[in-house]
Undergrad: 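Structure incoming, see below.
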Amino acid sequence: MSETFSIGLGNDNPEVRKRSEEDYVSFWEDQAKKLTWFEPWQKTLDWNPPFAKWFEGGKINASYNALDIHQNTKPEKPAIIWEAESGETRVLTYKDLWIEVQKTANALKSLGVEKGDRVTIYLPMVPELPISMLACARIGATHTVVFSGFSSSSLRGRIEDSKSKLVITSDGGYRRGKIVKLKEVVDEAIEGFDFVKNVIVLERTKEPIPLNPKDKLWKDLIDVASPECEAEILDSLHPLFILYTSGTTGKPKGVLHGTGGYLTHLHSTYGWAFDIKDSDVFFCTADIGWVTGHSYVVYGPLLHGATEIIYEGAPDYPDASRMWDIIQKHKATIFYTTPTALRMFMKFGDDIPNSFDLSTIRLLGTVGEPINPEVWKWYYRVIGKEKCPIIDTWWQTETGGMMISALPGIETIPLKPGSGTRHVPGVSISVVDEEGKEVSVNTKGYLIIKNPWPGMLLTLWGDDEKYKNAYWSKFENSYYSGDYARKDEDGYFWLLGRADDVLKVAGHRIGTAELESCIVSHEDVAESAVCGIPDEVKGEVIIAFAVLKENVEKDSTLLEKEIFEKIRNDIGPIATPQQIYFVSKLPKTRSGKIMRRLLKAIANNDTIGDVSTLEDGAAVTEVQRAFQELQKSIKEKNN
Ligand code: ATP
Ligand code: MG
């Protein structure tokens with residue numbers, strides 16, 4: 001039995017789930033009606049597996065639903081409270097944002113951007129990033145945002161794949177007090193690409209940069225554009241954006257999302273999960289370059305007319321108190337972040353968050369990786385002061401929006417640290433074995449989605465075959481998520497890590513998440529990653545990597561012994577790693593996820609493969625070093 005936490009928020013509306021179980025298609029139809037449509041749809045769902053058409057025939061516009069609909073009710077309400085890394089703030093009301101978006105939309109039109117064209121956006125976390133996205137959406141151009149930390153070759157690959165007509169960038173951005181020069185990266189990325197007609201350059205840093213004939217300065221083009229631009233009437237299936245996945249498991253894929261279904265999914269889940277109220281100040285730390293930023297920084301909050309904080313810089317700059325300082329300063333009420341960020345904050349101890357006034361916070365969320373129960377409890381106790389529910393939201397770039405999460409907006413259920421709880425209403429999720437048969441309670445299996453859902457990707461950009469193969473070929477007429485999970489006696493889902501990462505030891509399958517959480521529950525460990533490597537005798541053995549908390553000075557042999565003992569007690573001797581490597585950092589994607597395939601490659605002496613999404617090359621060197629040193633000392637001992 002796992003520990004449960006009951007936090008009543010007072011919302012209990014069992015009708016929603018009941019309705020969704022009677023008929024999921026008409027349930028989503030009711031949800032879609034909460035958006036503003038120019039024309040109603042003829043058919044709610046056309047399901048021709050694996051292609052789903054939601055709200056076919058309906059006419060809608062994402063930018064209209066995010067902005068125009070609020071102009072009569074709350075034009076003066078802050079939409080975005082932006083904080084620069086320097087501490088400077090800028091507030092944009094719903095009216096301000098609406099005007100900026102229309103100007104930008106007109107500027108795009110003046111450069112010949114038309115409905116259906118692709119626009120690559122390579123901007124730091126500044127208000128002009130959501131403004132550019134909404135301007136594209138307004139005229140029916142498909143945006144493809146590339147995280148501004150990517151190198152020119154990663155950017156080039158994405159511009160080439162999407163055949164973007166226009167790139168929007170800035171002279172640079174701020175990261176840890178330094179200027180990252182973005183325009184130079186763009187120049188390299190588009191060299192020889194005749195299909196890129198123009199580059200719009202925002203002057204964020206005002207450092208002098210060379211301009212080319214294709215370049216237009218934001219201030220010359222957009223600041224002077226007309227502030228009136230009607231939203232284009234678009235089909236529900238019109239492609240709103242392409243977003244390349246983070247590449248945790250391999251080469252990034254161009255996930256394509258439509259409009260009507262995607263917006264319906266977001267509008268619903270944002271309200272259910274965050275129980276959003278007019279007085280809330282929402283703070284999601286995700287970079288807009290990832291799907292969480294698209295769905296729950298840009299579209300979700302704006303569809304609801306919410307106020308949100310957008311922060312430009314690094315979460316630990318100038319020090320580890322930055323997030324708490326932002327919450328205190330802007331009186332944030334909802335905080336949504338990642339397990340990787342929480343592990344980092346936890347590593348620095350409780351005193352830092354305890355010295356800030358976090359009393360405005362009423363709801364906490366997490367996304368991106370399984371959250372270790374130890375980290376969950378820290379979040380609950382130190383940040384939430386034991387009074388805030390934590391929603392652990394499981395979803396993917398491909399699902400568009402949340403699929404598994406506690407939903408304080410409609411349900412009050414007990415929470416279990418480490419479990420995302422139940423699936424959201426209107427989606428059908430199962431845990432199955434290799435044959436696609438549902439496994440029994442508390443048995444590990446593959447997480448699949450059985451019915452189409454409105455936020456579902458349309459396809460992979462330009463590659464229907466790959467779309468079919470990647471998601472729909474493993475199990476018949478079901479979507480394969482690539483994740484490993486179990487469902488407990490209360491119907492709660494426990495995500496156990498990626499199926500590709502699974503450990504197979506002596507015929508047993510052990511999820512990486514379970515073992516890593518056990519290691520992290522040791523008081524001196526801040527972070528951990530495990531992987532399996534082939535072994536001549538046992539088939540496969542487990543090796544573990546651990547990052548220690550600040551100021552731990554214990555001997556590593558003793559630490560290893562303690563950790564092994566913990567694993568034997570908590571999971572069983574079968575899960576004991578052959579070795580633990582103590583490192584100062586782990587290789588992660590730029591979205592903060594551990595890249596276990598790299599650890600595996602290093603331990604196997606294999607080629608490292610596609611590392612375009614790797615955050616910090618030094619982490620690889622660090623792991624290699626730890627690995628080699630330990631091998632050497634083992635050899636010496638044996639001699
Ligand atoms: P790629 O598909 O390119 O390898 P990625 O899967 O990391 O990259 P995303 O779509 O951003 O790209 O992440 C979705 C994945 O993140 C999920 O499949 C799951 O493995 C993990 N994930 C997200 N949220 C959670 C969560 N709350 N609990 C457990 N795992 C999560
Ligand atoms: Mg994925």
Side-chain angles (χ1 to χ4, degrees), residues 145 147 150 154 157-158 242-255 257 269 273 284 286-296 336-342 364-373 375-376 379 390-406 415-424 429 431 446-449 455-457 460 466-467 470-471 479-486 492-502 511-514 516-517 587-598 609-615:
V145 178
F147 171 58
F150 276 131
S154 304
R158 287 157 171 79
I242 304 169
L243 182 60
Y244 293 85
T245 56
S246 67
T248 310
T249 49
K251 211 172 157 48
K253 304 172 276 279
V255 171
H257 279 288
T269 51
C284 169
D287 194 285
I288 292 174
W290 308 118
V291 75
T292 304
H294 279 59
S295 297
Y296 298 107
Y336 189 32
T337 193
T338 59
T340 191
L342 292 169
L364 300 169
T366 156
V367 62
E369 281 185 300
I371 182 164
N372 321 102
V375 178
W376 194 102
Y379 198 21
I390 296 180
I391 57 167
D392 173 2
T393 63
W394 177 87
W395 56 292
Q396 309 178 300
T397 308
E398 295 88 343
T399 69
M402 297 172 192
M403 299 299 274
I404 295 174
S405 176
L415 303 172
K416 302 183 191 181
S419 166
T421 78
R422 302 190 285 177
H423 62 79
V424 307
I429 298 186
V431 181
Y446 299 106
L447 192 81
I448 63 161
I449 307 170
M456 180 172 137
L457 71 167
L460 289 177
K466 191 168 169 195
Y467 165 69
Y471 308 108
Y479 170 90
Y480 172 53
S481 70
D483 282 342
Y484 211 33
R486 73 179 160 90
Y492 282 31
F493 291 95
W494 296 78
L495 271 297
L496 303 173
R498 292 161 194 273
D500 305 7
D501 287 340
V502 84
T512 49
E514 194 179 3
E516 287 165 5
S517 287
K588 289 184 186 167
T589 60
R590 290 182 181 269
S591 56
K593 301 180 191 198
I594 298 168
M595 287 173 103
R596 292 178 196 76
R597 71 178 169 85
L598 276 191
D610 185 341
V611 287
S612 60
T613 60
L614 183 70
E615 190 198 6

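Both counts, for ligands and for their atoms, begin at 1 and track the order of listing. Small disclaimer: the values here were computed from a predicted structure and weren't measured.
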Undergrad: Give me the nearest non-hydrogen protein atom to atom 29 (C) of ligand 1 as residue plus atom name, then the distance to 0.1 Å.
TA: Pro370 N, 3.1 Å
Undergrad: In the protein, which heavy atom is nearest to atom 7 (O) of ligand 1, and how far is it?
TA: Thr248 OG1, 2.5 Å
Undergrad: Taking distance alone, with N or O pairs closer than 3.5 Å, would you say Ser481 contacts ligand 1?
TA: no
Undergrad: State which residues pass side-chain hydrogen bond (donor to acceptor under 3.5 Å, both in side chains) with Ser154; sequence neighbours excluded, sorted by chain then number.
TA: Ser151
Undergrad: What part of Thr393, side chain from CB on, backbone N/CA/C/O, both or neither, has a heavy atom under 4.0 Å from ligand 1?
TA: backbone
Undergrad: So which heavy atom in the protein is nearest atom 8 (O) of ligand 1, and how far is it from that ligand atom?
TA: Ser246 OG, 3.0 Å
Undergrad: Identify which one of Tyr471, Tyr467, Tyr446 satisfies the ring-ring contact (aromatic ring centres under 6.0 Å, His included) criterion when paired with Tyr480.
TA: Tyr446
Undergrad: Just heavy atoms, cut-off under 4.0 Å: does Trp395 contact ligand 1 by side chain, backbone, both, or neither?
TA: backbone
Undergrad: Using a strict cut-off of 4.0 Å, indicate which atoms of ligand 1 neighbour a heavy atom of Leu495.
TA: 29 (C)
Undergrad: From the options Met403, Lys593, Met595, Arg498, select the one whose nearest heavy atom is closest to atom 6 (O) of ligand 1.
TA: Arg498
Undergrad: Could you walk me through whether Thr393 and Tyr336 pass the side chain to side chain donor-acceptor pair (under 3.5 Å) test, one step at a time?
TA: CA-CA 10 Å; Thr393 63; Tyr336 189 32; 2.7 Å; yes
Undergrad: Please report which non-hydrogen protein atom sits nearest to atom 26 (C) of ligand 1, along with the residue it belongs to and the distance in Å to one decimal place.
TA: Glu369 O, 3.5 Å
Undergrad: Measure Thr397 to ligand 1 on non-hydrogen atoms and call it side chain, backbone, both or neither using the 4.0 Å cut-off.
TA: both
Undergrad: May I ask you to identify the nearest protein heavy atom to atom 4 (O) of ligand 1, giving residue, atom name and distance to one decimal place in Å?
TA: Thr249 OG1, 2.5 Å
Undergrad: May I ask you to check whether Thr366 has an N/O atom sitting below 3.5 Å from an N/O atom of ligand 1?
TA: no
Undergrad: What I want to know is whether Val291 and ligand 1 share at least one N or O pair that is separated by under 3.5 angstrom.
TA: no
Undergrad: Please report which non-hydrogen protein atom sits nearest to atom 22 (N) of ligand 1, along with the residue it belongs to and the distance in Å to one decimal place.
TA: Gly368 O, 3.2 Å
Undergrad: Which residue and non-hydrogen atom of the protein lie closest to atom 17 (C) of ligand 1, and at what distance in Å?
TA: Asp483 OD2, 3.1 Å
Undergrad: In Å and rounded to the nearest 0.5 Å, what is the CD to CD1 distance from Glu369 to Ile594?
TA: 5.0 Å
Undergrad: Just to confirm my output: which protein heavy-atom neighbour is closest to atom 2 (O) of ligand 1, and how far is it?
TA: Lys253 NZ, 3.5 Å
Undergrad: Within less than 4.0 angstrom of ligand 1, does Trp290 place any heavy atom?
TA: no
